Amino acid sequence: MPARPVTAVGDVSSGINAGDYVAMGGPSGCGNSTLLHLLGCVDTATTGSVWFEGRDVGGLNEVERSRLRLTRIGFVFQRFFLLPMLTAWENIELPQAEARVPAAERTARTRELLEYVGLRDRADHLPSQLSGGEMQRVAVARALANRPALVLADEPTGELDEETGEQVAALFDRVHADGTAIVLVTHNAALAARARRRLAMKSGALVES
């Protein structure tokens, strides 16, 4: 007997404007992470469409979507996903190298971002030599490396204690104040309260909460 198709996300119609700060909530398994992957052009919709900066993402080939993800969208994850064999500096520089940013510009941008997240003195440290909060700040710096229009974050304080989570939340406030749009999934009520808009998944639909 064939398996029934599962609709992870449906009945969703919304827009994210330049400079928005949006928090998405809802119970575990409600489709928030799937929706984030659709917004980030990691997954493609089977029905409907996702538009980014005037382009229908579904009409792009994988090379074009990869370039879009690399240059226009930054990602921050709950478990950081830093490359363990690279230093903080190298983790931040890597997406710039992949985008073929000239070496001198990469050096200046990486130094600027380490200052931005308060980790200038941790540049040569491996992830294993950093605290959880420091690793997440490196992850935020990496997400900003290619000056994205949009940062997507999936439970960015989920692995952090309350005090460290507050520091990372304050960093997101700064990123937003500097003009970058943010969409984050969180179960942390204090973090969600900092956003300008709050949404929730309910019965497959995205609703204002």
Side-chain angles (χ1 to χ4, degrees), residues 16-25 32-33 36-37 39-40 69-84 86-96 99 101 105-199:
I16 307 299
N17 297 316
D20 265 355
Y21 189 172
V22 180
M24 295 196 299
N32 274 334
S33 293
L36 211 64
H37 291 168
L39 292 175
R69 290 192 299 268
L70 179 63
T71 61
R72 303 302 295 152
I73 304 171
F75 297 87
V76 180
F77 304 98
Q78 179 175 348
R79 296 184 178 176
F80 323 129
F81 291 125
L82 301 177
L83 293 179
L86 300 183
T87 64
W89 179 287
E90 291 166 339
N91 268 283
I92 298 167
E93 187 178 32
L94 181 61
Q96 300 173 72
V101 175
E105 291 182 34
R106 296 201 307 265
T107 297
R109 180 63 173 164
T110 302
R111 183 179 295 114
E112 174 189 12
L113 286 167
L114 283 165
E115 291 275 2
Y116 186 87
V117 299
L119 292 175
R120 179 183 62 182
D121 296 335
R122 297 289 190 268
D124 295 329
H125 286 59
L126 295 170
S128 61
Q129 299 169 315
L130 301 174
S131 69
E134 288 170 339
M135 284 192 283
Q136 194 61 297
R137 282 187 278 160
V138 172
V140 171
R142 179 185 58 186
L144 297 174
N146 289 323
R147 305 180 192 276
L150 173 65
V151 168
L152 302 175
D154 196 352
E155 295 286 2
T157 62
E159 296 284 310
L160 307 177
D161 61 52
E162 184 176 354
E163 181 178 352
T164 307
E166 172 64 24
Q167 294 170 358
V168 170
L171 180 57
F172 276 102
D173 290 345
R174 183 178 178 187
V175 171
H176 171 249
D178 288 341
T180 304
I182 298 172
V183 178
L184 58 85
V185 168
T186 184
H187 289 97
N188 184 323
L191 177 59
R194 304 172 89 113
R196 297 293 181 88
R197 292 171 59 198
R198 279 177 280 178
L199 305 173

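Since we're looking at a predicted model, the values are computed, not measured.
Scanning for salt bridge (charged side-chain N to carboxylate O under 4.0 Å, His left out) contacts around E155 gives an empty result, with sequence neighbours left out.
When all heavy atoms are compared, the tightest approach of P148 to A143 is CG-O, 3.3 Å. The two residues D20 and N17 come nearest to each other via the heavy atoms OD2-N, 2.9 Å. Contact detail for G19 and A181: the closest heavy-atom pair is N-CB, 3.7 Å. The nearest pair of heavy atoms linking M135 to L130 is CG-CB, 3.8 Å. When every heavy atom of V138 is checked against every heavy atom of A88, the shortest pair comes out as CG2-CB, 3.8 Å. Across all their heavy atoms, R197 and I16 have their closest contact at NH1-CD1, 4.1 Å.
Atom CG of L191 and atom OG1 of T186 lie 4.5 Å apart (nearest 0.5 Å). In this structure, OH on Y21 lies 12.0 Å from OG1 on T180, to the nearest 0.5 angstrom. Rounding to the nearest 0.5 angstrom, the gap separating the OG1 atom in T110 from the CD atom in E105 is 11.0 Å. Within the model, atoms CD1 of I92 and CG of L114 stand 4.0 Å from one another, a figure rounded to the nearest 0.5 Å. Once rounded to the nearest 0.5 Å, the distance linking CZ of R111 with CZ of R120 reads 10.5 Å. Expressed to the nearest 0.5 Å, how far CZ of R196 lies from CD1 of I182 amounts to 10.5 Å.
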Practice task
In sequence, state the C-alpha distance, the side-chain angles, and the governing distance for V185 and M24, and then conclude on side chain to side chain contact (heavy atoms under 4.5 Å, CB included).
Solution key: CA-CA 5 Å; V185 168; M24 295 196 299; 3.6 Å; yes
Problem - Verdict with reasoning, V151 to F172, per side chain to side chain contact (heavy atoms under 4.5 Å, CB included) - result: CA-CA 10 Å; V151 168; F172 276 102; 4.3 Å; yes
Problem - Verdict with supporting geometry, V183 and L36, side chain to side chain contact (heavy atoms under 4.5 Å, CB included) - result: CA-CA 8 Å; V183 178; L36 211 64; 3.9 Å; yes
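Checking side-chain atoms of N146 against main-chain N and O of L70 turns up a donor-acceptor pair under 3.5 Å. Listed for the N188 side chain is a donor-acceptor partner under 3.5 Å among the backbone atoms of A190. Of the possible donor and acceptor atoms, one in the side chain of Q136 sits under 3.5 Å from a partner among the backbone N and O of P156. Looking at H125, its side chain never comes within 3.5 Å of a backbone N or O of T87 through a donor-acceptor pair. Side-chain atoms of R198 do not come within 3.5 Å of backbone N or O of A193 as any donor-acceptor pair. Using a distance-only test at 3.5 Å, with no hydrogens or angles considered, a donor-acceptor pair links the side chain of N91 to the main chain of L86. Using a distance-only test at 3.5 Å, with no hydrogens or angles considered, a donor-acceptor pair links the side chain of R106 to the main chain of V101.
Note on residues 166-190: pairs passing salt bridge (Lys or Arg N to Asp or Glu O under 4.0 Å), not counting sequence neighbours, are E166-R194, D173-R194.
Side chains of E112 and Y116 form no contact here, defined as non-hydrogen atoms less than 4.5 Å apart.
Taking the six-membered ring for Trp and thresholds of 30 and 60 degrees, F81 and F77 have ring planes more than 60 degrees apart, a perpendicular arrangement.
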